[in-house]
Amino acid sequence: MLVVGCLVATAPVAAVSAGAVADASAPSADAPASLGGADRVSALGPAPGPLQQTANATNNSTGVIHENPDEVDDENELDRLLSYLSGELNGDIGASTLQLSQGEYAAAKAALGDDYDDSLGKYVDVEGEVGGDGAGEEYRTVSETQRGYVDTVSEFRETRREYEAARRAGNDERARELARNLTRLAEDGEAQSDRLLTAFDVISNRTDGDLAESSAQLAAVQANISEQRDEIVSREFVATRLAVGDYDRNISFTDPLVLSGSLVTDNGTPVETGSARFAVGGQTVQSAVDPDGSFELTYRPTRIPVSTESLTVRYLPDDASMYQATERVVPIAVSRVNATARLSEPSASAYGYADAVSVRATVRVNGTPVSNYPVSASFAGSSATAPATNASGASAVSATVPATATGTASIRVAPGGDGRAVTFAPATVAVPLETEGTALGVTARETANETVVVDGRLETDEGEAVSGQSVAVSVDGREVAAATTGASGAYRAAVDLPSDASVENATVSVAFDGEGTNLEPSDATASIRLSNAPDGDGAGNGASGGLPFDPLDLAWVVAGTAVVGLVAAVLLRRNDADDAAAATVAESAATESDEPAEPEPAATEASALDSAAEALDEGRPNDAVVVAYAGVRRALGAAAGIDDAATHWEFCDRCVDAGVAPAEALESLTAGYERAAYSGLSVSDADAAELVETARSVVAPDEAGLPESSDSGDAADASEPVGPVE
């Protein structure tokens, strides 16, 4: 209800209809649909035009930014907000479809990008409050399907150009290959456009919007594609017919379908091919074809439902063939057959945490392999990998030993689905297990607000990260907190010292008891590193003006990029800094001496990440994410040769394309930065900590997970492997 209350307070006074949004915005590739006719804020700053009100900006004309969520429960207000969000979404859909009809494919996808997803998330939240009619699910279908449809249409147009070029060059085989690709793309497009038209109708019926114009544009696009496909097919291929003789309709795996028939052209001429491929029941069957076009094929049902009453037999010409595909539907009745599944024994004598286990599963019926059969597998309550069986009826099952695998754990395989023509009783095989030693690292440091941050990493003796385990934190022997390790084995906890303990003399200890796991217990102890912060509350004093880091560090991190103004402004606003402090930061970024001695990049990036960690310690997770992202941008921008004006998602894509950072990590960090900087919503401490760790892994992958140097002089502490925040 908190999110809904904020949304209601920031929504326009009058509900915006879909038509109004579409007419007012008329978005192009560079200007996606806007909120209430105003341009949405770009990644690196506001676009020209009226600014969208956000949680960090003040609009004197509207007054209240947030309202008490308890007071935002009037049904009319929620309905008005739902109507407004629906108008936003319908406007984006209209913009996307218009751009698609004009051949602007990148703009068509951008119109259903981050802004659409943001509006959709809000719509679903509000719809849940008012008990909506399910339009949110249809909007989600449009988002996923239309983006795919845009790719299909774009690929069809490009393939059409290649096809025409092959024809002009007289390359008939290549032209026919491309013509078949065009046929497949057109069929994909027909399925996608049908889903979209259905969704458009449902949305129009359930909301105040009218997507009739978008439906007409979409239908016109697909009609043009289908028309071109039909023209090319008639030009390139000879039509064929598939005839079948009498056959036994009662089939099973042990009593397969045997079809005899003929494959001829429309005028009765035999298809000139020595063999032909047929698609039957999810399988591909090869059959010899005689000079008179006659053939005989055998099909054993395995994965089709036992309730299947008919099969489609489809002739699949080679891509370079001059013949057109054709099909025939044949009635059948299926009987179920029981198979036998067997598992091989594990190869090792014992397995420990994170070890890879693999066995071989075979599925047979009276010695006959069951091929192309889906298998489901699990190990110790966790899913295992098992592909469909191969031609020998075998599937290679693989799993990783989880921490919870104790005692007698087994790999289990079962049919991948119910009601199939072939089934088998689940089979299991025991996996011998052994316990494994662990190592626990710890550092402890006092923060400016006199709490103590304890962090470290839990790993096995072999160096594997141990995730999802609880670590007990104690001060002078008294347990004060518990933390859970993340994916990298890192943990973090902020604790208040007991009243009778002093920072100078207290000892922090952490312990992992290993209970309920295949891991042995471990513990570690550290002295507390004292804070160098000045005495007093420090609010608004000193160069930082109350920020959890030195603004000059931030200026160096993002100097020369379009991000500096936005980041500084966001952080200063969130920390309630006064105008003088804001001017100081802006001046430090923009009016340094002519040729300042720029610090080493590695030192700058480390400073940014240290500042992010400090912001996290001070309870400012949004600030931490923004600063961590700035450090990553500084580090990768030069390496990838990226223009400073690139938006954050453009920056992400270009870094991935340049190979300077892993896609998953950078996408996660970018999405987190977007939320922290623009959404007006709070990032949780845990999410912020994980994003800071992600930033550290991107900037210095070889150093991620290393301990901070300790000022305490405790050599034992410095040598222990302690990971950064998870």
Side-chain angles (χ1 to χ4, degrees), residues 7-8 11-29 31-40 52 75-104 107-113 115-128 130-150 153 189-190 192-224:
L7 292 175
V8 171
V13 173
V16 182
S17 69
V21 173
D23 294 340
S25 58
S28 66
S34 61
L35 284 174
D39 292 340
R40 286 179 171 170
Q52 175 192 359
E75 185 126 352
N76 289 334
E77 286 188 330
L78 292 177
D79 288 341
R80 174 171 59 85
L81 178 57
L82 201 65
S83 178
Y84 164 69
L85 292 169
S86 175
E88 282 295 302
L89 293 166
N90 290 350
D92 288 345
I93 291 171
S96 175
T97 307
L98 177 62
Q99 298 285 9
L100 173 62
S101 68
Q102 295 174 347
E104 299 292 339
K109 291 184 71 174
L112 297 179
D115 290 337
Y116 182 94
D117 290 342
D118 181 59
S119 295
L120 175 56
K122 295 172 183 175
Y123 185 94
V124 171
D125 287 341
V126 180
E127 187 181 44
V130 300
D133 48 17
E137 194 59 39
E138 298 301 326
Y139 280 124
R140 196 181 309 280
T141 296
V142 170
S143 170
E144 297 168 353
T145 306
Q146 184 144 324
R147 281 183 258 197
Y149 183 62
V150 170
V153 174
E190 287 172 349
Q192 291 168 325
S193 63
D194 285 346
R195 286 198 298 273
L196 287 170
L197 292 173
T198 299
F200 288 178
D201 287 343
V202 173
I203 289 172
S204 297
N205 291 333
R206 295 180 180 177
T207 69
D208 297 333
D210 183 1
L211 293 176
E213 184 175 355
S214 294
S215 296
Q217 291 170 341
L218 191 72
V221 170
Q222 185 55 43
N224 178 262

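This is a predicted model, so every value here is computed, not measured.
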Sequence-distant partners of Glu190, side chain to side chain donor-acceptor pair (under 3.5 Å), two or more places apart:
Ser226, Arg229
How far apart are the closest heavy atoms of Val150 and Ala108, and which atoms are they?
CG2-CB, 4.0 Å
What verdict does the side chain to side chain donor-acceptor pair (under 3.5 Å) test give for Tyr123 and Glu88, after you've listed the backbone C-alpha separation in whole Å, the side-chain angles of each residue and the deciding distance to 0.1 Å?
CA-CA 10 Å; Tyr123 185 94; Glu88 282 295 302; over 6 Å; no
Please report the shortest heavy-atom distance between Ser86 and Thr207, naming the atom on each side.
OG-CB, 3.4 Å
Checking salt bridge (charged side-chain N to carboxylate O under 4.0 Å, His left out) between Asp117 and each of Arg147, Arg140, Lys122, which is the one that passes?
Arg147
Side-chain (Tyr116) to main-chain (Tyr139) donor-acceptor, under 3.5 angstrom
yes
Any donor-acceptor N/O pair, Ser204 side chain to Leu211 backbone, under 3.5 Å
yes
Can you see which heavy atom on Leu120 is nearest to which on Gly136, and at what distance?
CD1-O, 3.7 Å
Has the side chain of Asn205 got a donor or acceptor atom that lies under 3.5 Å from a matching backbone atom of Asp201?
yes
Residue of the set Leu218, Thr141, Ile93 for which side-chain contact (heavy atoms from CB on, under 4.5 Å) holds with Leu196:
Leu218
Could you tell me whether the side chains of Glu213 and Thr97 share a donor-acceptor contact shorter than 3.5 Å?
no
Here the gap from Lys109 atom NZ to Gln146 atom CD, rounded to the nearest 0.5 Å, amounts to 11.5 Å
Distance, nearest 0.5 Å, that separates CD of Gln192 from CG of Leu197
12.0 Å
Run Tyr149 and Gln222 through side-chain contact (heavy atoms from CB on, under 4.5 Å) and show every step you take.
CA-CA 10 Å; Tyr149 183 62; Gln222 185 55 43; 2.8 Å; yes
Which heavy atom of Gly94 sits nearest to which heavy atom of Ser214, and what is that distance?
CA-OG, 3.4 Å
Shortest non-hydrogen pair, Val142 vs Ala199, comes out as CG2-CB, 3.7 Å
Here the gap from Tyr84 atom OH to Leu89 atom CG, rounded to the nearest 0.5 Å, amounts to 10.0 Å
Heavy-atom pair with the smallest gap, counting every atom of Ala135 and Arg206:
N-NH1, 4.1 Å
